[in-house]
Amino acid sequence: NHALMGSYENSSDSDLELSTVRHQPEGLDQLQAQTKFTRKELQSLYRGFKNECPSGLVDEETFKSIYSQFFPQGDATTYAHFLFNAFDMDRNGSIRFEDFVIGLSVLLRGSVTEKLNWAFNLYDINKDGYITKEEMLAIMKSIYDMMGRYTYPCVRDEAPSEHVDKFFQKMDRNRDGVVTIEEFIETCQKDENIMNSMQLFENVI
Amino acid sequence: MAAGVAAWLPFARAAAIGWMPVASTPMPMPPQDKRKAQDGLIILNVSGTKFQTWRTTLERYPDTLLGSTERDFFFHEETNEYFFDRDPDIFRHILNFYRTGKLHYPRQECISAYDEELAFFGIIPEIIGDCCYEEYKDRRRENAERLQDDEEMDMNNDVTPVNLTFREYLWRAFENPHTSTLALVFYYVTGFFIAISVMANVVETVPCGSLPNRSKEISCGDRYALAFFCLDTACVMIFTVEYLLRLIAAPSRYKFMKSVMSVIDVVAIMPYYIGLVMTDNDQVSGAFVTLRVFRVFRIFKFSRHSAGLRILGYTLKSCASELGFLLFSLTMAIIIFATVMFYAEKGSTASKFTSIPAAFWYTIVTMTTLGYGDMVPKTIVGKVFGSICSLSGVLVIALPVPVIVSNFSRIYHQSQRAEKRRAQRVLAPRLPPSFATASKEAGQALVGKAPSPPFESQHHHLLHCLEKTTNHEFVDEQTFQANCMEVSVMNKSGSRTSSVSSSPHGLGSCCSRRHRKKSSFSLPSTNNQELSTIQIRERPVANSRASLNAKLDETVPLKCDEPYITPSMVSLSAPVVTSSDGDGSTTTAYSQSNIVRVSAL
């Protein structure tokens, strides 16, 4: 039951209108079927979600502000933007609880392949199935932005692009300038560090 | 961390999987989550009123009573609930704080009861939300003033009547005339003589009929000079005796002599003595006559006898800033308008506005709406500005007056309450104020201890993962500045650093492997000049994260108990370091850092 949002003419009205939009999630049983969480976990997740977003929807600004609170030293807004797009699967500008929970289910309870798929989806900004150097550079810059100014050693301007070059060197097998999903998954499965780190957040919930 | 945002930490950590494929270095281990308790409902029974909430709600603030294991002390096994023998109405607000993260102050509650509840549950009042904070602060200030009054009264009445020296007895008699009959008699006698003296001063200037051989009327003072002189002498003698006795009896003579009443006393009796000393010298008699004016200050001696007068004086003192503002703005307005009127009236003939200071008188009389009429503007421009002047005068004076009035009213009511309480204290037993402060200190102590809650360690882990992804570390500003200066120093010795950076042995990765192995690291003793900076610094990560948490965490100041000491060695000579890099493990080339760190992790 997704409440329809009317189109808003000017931005000053949009705040008012967004607050009157409410979203109720699908039933608990359906969500249990779609995700790998238990009932209790879903209940606990929803309580936390609803507490912070009583309307049941997270828009991009709220999402950015929440995510930025975890990285006070740097600027997390760009990376939060990419994250938002990764979670907002139907691309309607707001994350519903279903999107939230399905994304989390992949990240926490999914198989390694599913997680790698999710990561690929995050890097592929225009969702065309290929990661280009420009896309990767944007992602890398946003990650380095989160570090902020006060780091040791100081972040040089070339650091993100050097990091991107290293990434492409590792991932781009056929040297065609883009990374496809198959190359990505294949390379990651061969890298021991990456495989280990995928299991890191199993028991977060 | 704010309560709501903490609920999103698991999401932020899960999203960190997005960094894994691009990470430069391996990730750190996650913190052990010791308590994997299922989230359950907790029943809180507060004096019979049952409240229920989730366990995780309470554990959002682990430094309070309800969020920590301290609540186990209140667990009641028979009924399987936590029982608190406290006020349920105020508890409602405390529980709402856990739920919403905002603490509200209910207006109808007594401020000290509220403070006690907060102290009991270990919540510091500074986190009261903005909506209620001003009200809370106001009530607290009033309460503090009341307590201060109480204490002063205590100090006055605590001394037991027995075992007083004569001096103390005398002082007490002077300060509280109700203590003994003699003091009361003395009190009334001095009051009577003050009145007589003031009246004599007034009457002696009244014209009293004329002498037979003169046509002019002379004043009573000159007619009955001897009588008035005797009266004056008697009054002054009484005042002098009183002053000297007070001076002898005062516990601190210096403080007494500095006090306002003592100054008034001295000013009241000095003219008489000066008059005695000076003879009928014509030159100084003019000055002597002026001195007589000061005799009118005797009227202020009545303030010992009247509480209202004291309150007025105290009010004026406490409104000093408002009065100062009034004076300042009036002065500004007077100067402006006087100038304007002077130049406006300059043209008219026979104008009374001869100079700007002369115009001051007109401005003052007009602004206070007196309007004597001895100076009036004649030109049209002058009249226009004159009317503006009178209108603005009303406004300027009306502004600070309500503040002064409300201050007076508040202080007056306080003194009324003090009087009432003094009468009541004989009847009821009083809790000494030390109890209230003791519970407050206990509350502070509760909040002061800071164990590391799981949220903080998980948040640390998240930030650590980010550091590993980018292969940079968070530092705080000072360390950053220091490092930038170091880098510039090191870059000056050009060739050596370049040789280091091209060294195949990556020095930066040593620490990540090294601290896992905990091998003993022997410092090369030969190259002392390279060991130019041995920095013992608090582990910058912990430091910066402590400050991070301080920003996020509104409630409790987080204290990092153990500073992590990282002696770091800036070594510019590649060969030396590689020889000490004993394990000879192949390390991938990292061109960035050339710091070897032995971290006591």
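Worth knowing before you read on, the calculation uses all heavy atoms, side chains too, and leaves out hydrogens, waters and symmetry mates. Letters go in sequence order (proteins before strands), and every chain restarts at 1. Here the structure is a predicted model, which means the values were calculated and not measured.
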**Q** What are the residues of residues 187-195 of chain A, in order of number, with any heavy atom under 4.5 angstrom from a heavy atom of chain B?
**A**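 Residues Cys188(A), Asn193(A), Ile194(A) are the ones that qualify, each having a heavy atom under 4.5 Å from chain B.
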
**Q** What's the shortest heavy-atom distance between Ile17(B) and Leu107(A), and which atoms?
**A**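 Minimum heavy-atom separation between Ile17(B) and Leu107(A): CD1-O, 3.2 Å.
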
**Q** Describe, in one word, how the ring planes of Phe71(A) and Trp19(B) are oriented to each other, choosing from parallel (under 30°), tilted (30 to 60°) and perpendicular (over 60°).
**A**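 Rings of Phe71(A) and Trp19(B): perpendicular, as their planes differ by over 60°.
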
**Q** CG/Leu9(B) to CD1/Ile66(A) distance, rounded to the nearest 0.5 angstrom?
**A**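 Answer rounded to 0.5 Å: 12.5 Å.
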
**Q** Just wondering, more than 12 heavy atoms not from Tyr130(A) lying within 6.0 Å of its OH?
**A**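 No, OH of Tyr130(A) has 12 or fewer neighbouring heavy atoms, counting only those of other groups under 6.0 Å.
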
**Q** If you take the centroid of each ring, where Trp contributes its six-membered ring, are Phe11(B) and Phe70(A) closer together than 6.0 Å?
**A**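 Judged by ring-centre distance (under 6.0 Å), Phe70(A) and Phe11(B) do not meet the cut-off.
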
**Q** Measuring heavy-atom distances to chain B, does Ile143(A) have an atom under 4.5 Å in its side chain, in its backbone, in both, or in neither?
**A**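 For Ile143(A), the contact with chain B is made by backbone and side chain together.
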
**Q** How close do Ala15(B) and Tyr79(A) get, heavy atom to heavy atom, and via which atoms?
**A**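 Nearest heavy atoms, Ala15(B) then Tyr79(A): O-OH, 3.8 Å.
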
**Q** What distance separates Gln199(A) CD from Met20(B) CE, expressed to the nearest 0.5 Å?
**A**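 So the gap between those two atoms works out to 11.0 Å.
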
**Q** If you measure from CG on Asp145(A) to OG1 on Thr470(B), what distance do you get to the nearest 0.5 Å?
**A**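 Between atom CG of Asp145(A) and atom OG1 of Thr470(B) there are 11.5 Å.
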
**Q** Would you say the ring centroid of Tyr150(A) lies under 6.0 angstrom from that of Phe474(B)?
**A**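 No: the rings miss the under 6.0 Å criterion.
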
**Q** Working to the nearest 0.5 Å, report the span between CE of Met147(A) and CG of Leu463(B).
**A**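 It comes to 9.0 Å.
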
**Q** Specify the closest pair of heavy atoms between Leu122(A) and Gly18(B), including all atoms of both residues, with the distance to one decimal.
**A**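 Leu122(A) and Gly18(B) have their closest heavy atoms at CD2-CA, 3.8 Å.
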
**Q** Hey, what's the ring geometry for His472(B) with Tyr144(A), parallel, tilted or perpendicular (30° and 60° as the breaks)?
**A**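 The rings of His472(B) and Tyr144(A) stand perpendicular, inter-plane angle above 60°.
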
**Q** Find out whether Lys115(A) and Pro21(B) are in side-chain contact, i.e. whether some heavy atom of one side chain is under 4.5 Å from a heavy atom of the other.
**A**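 A side-chain contact under 4.5 Å is absent here.
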
**Q** Below 4.5 Å from any heavy atom of chain B, which atoms of Phe63(A) appear? Answer side chain, backbone, both or neither.
**A**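 The side chain, not the backbone.
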
**Q** Counting only heavy atoms closer than 4.5 Å, note whether Val101(A) contacts chain B via side chain, backbone, both or neither.
**A**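 When you check distances to chain B, no heavy atom of Val101(A) falls under 4.5 Å.
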
**Q** Between Met136(A), Arg47(A), Met171(A), Gln43(A), which residue shows the highest count of heavy-atom pairs closer than 4.5 Å to chain B?
**A**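 Sorted descending by pairs with chain B, the first entry is Arg47(A).
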
**Q** Could you look at Phe120(A) and say if it's the side chain, the backbone, both or neither that has a heavy atom under 4.5 Å from chain B?
**A**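 When you check distances to chain B, no heavy atom of Phe120(A) falls under 4.5 Å.
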
**Q** Does Gln73(A) use its side chain to pair, donor to acceptor, with the backbone of Val475(B) at less than 3.5 Å?
**A**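 The answer is yes, because a donor-acceptor pair under 3.5 Å joins these two groups.
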
**Q** Carefully, step by step, assess Val22(B) and Met140(A) under the rule side chain to side chain contact (heavy atoms under 4.5 Å, CB included).
**A** CA-CA 8 Å; Val22(B) 296; Met140(A) 202 60 75; 3.9 Å; yes

**Q** So which part of Trp54(B) gets closer than 4.5 Å to some heavy atom of chain A, the side chain, the backbone, both or neither?
**A**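 Trp54(B) touches chain A through side-chain heavy atoms alone.
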
**Q** Does Asp130(B) have more than 12 heavy atoms from other residues, nucleotides or ligands lying within 6.0 Å of its CG?
**A**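 At most 12 heavy atoms, drawn from other residues, nucleotides or ligands, come within 6.0 Å of this atom.
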
**Q** With only heavy atoms counted, which part of Phe82(A) is less than 4.5 Å from chain B, the side chain, the backbone, both or neither?
**A**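 Nothing of Phe82(A), per the 4.5 Å heavy-atom cut-off to chain B.
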
**Q** Hey, could you give me the CG/CZ distance between Leu104(A) and Arg13(B), rounded to the nearest 0.5 Å?
**A**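 Interatomic distance, Leu104(A) CG to Arg13(B) CZ, rounded to 0.5 Å: 12.0 Å.
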
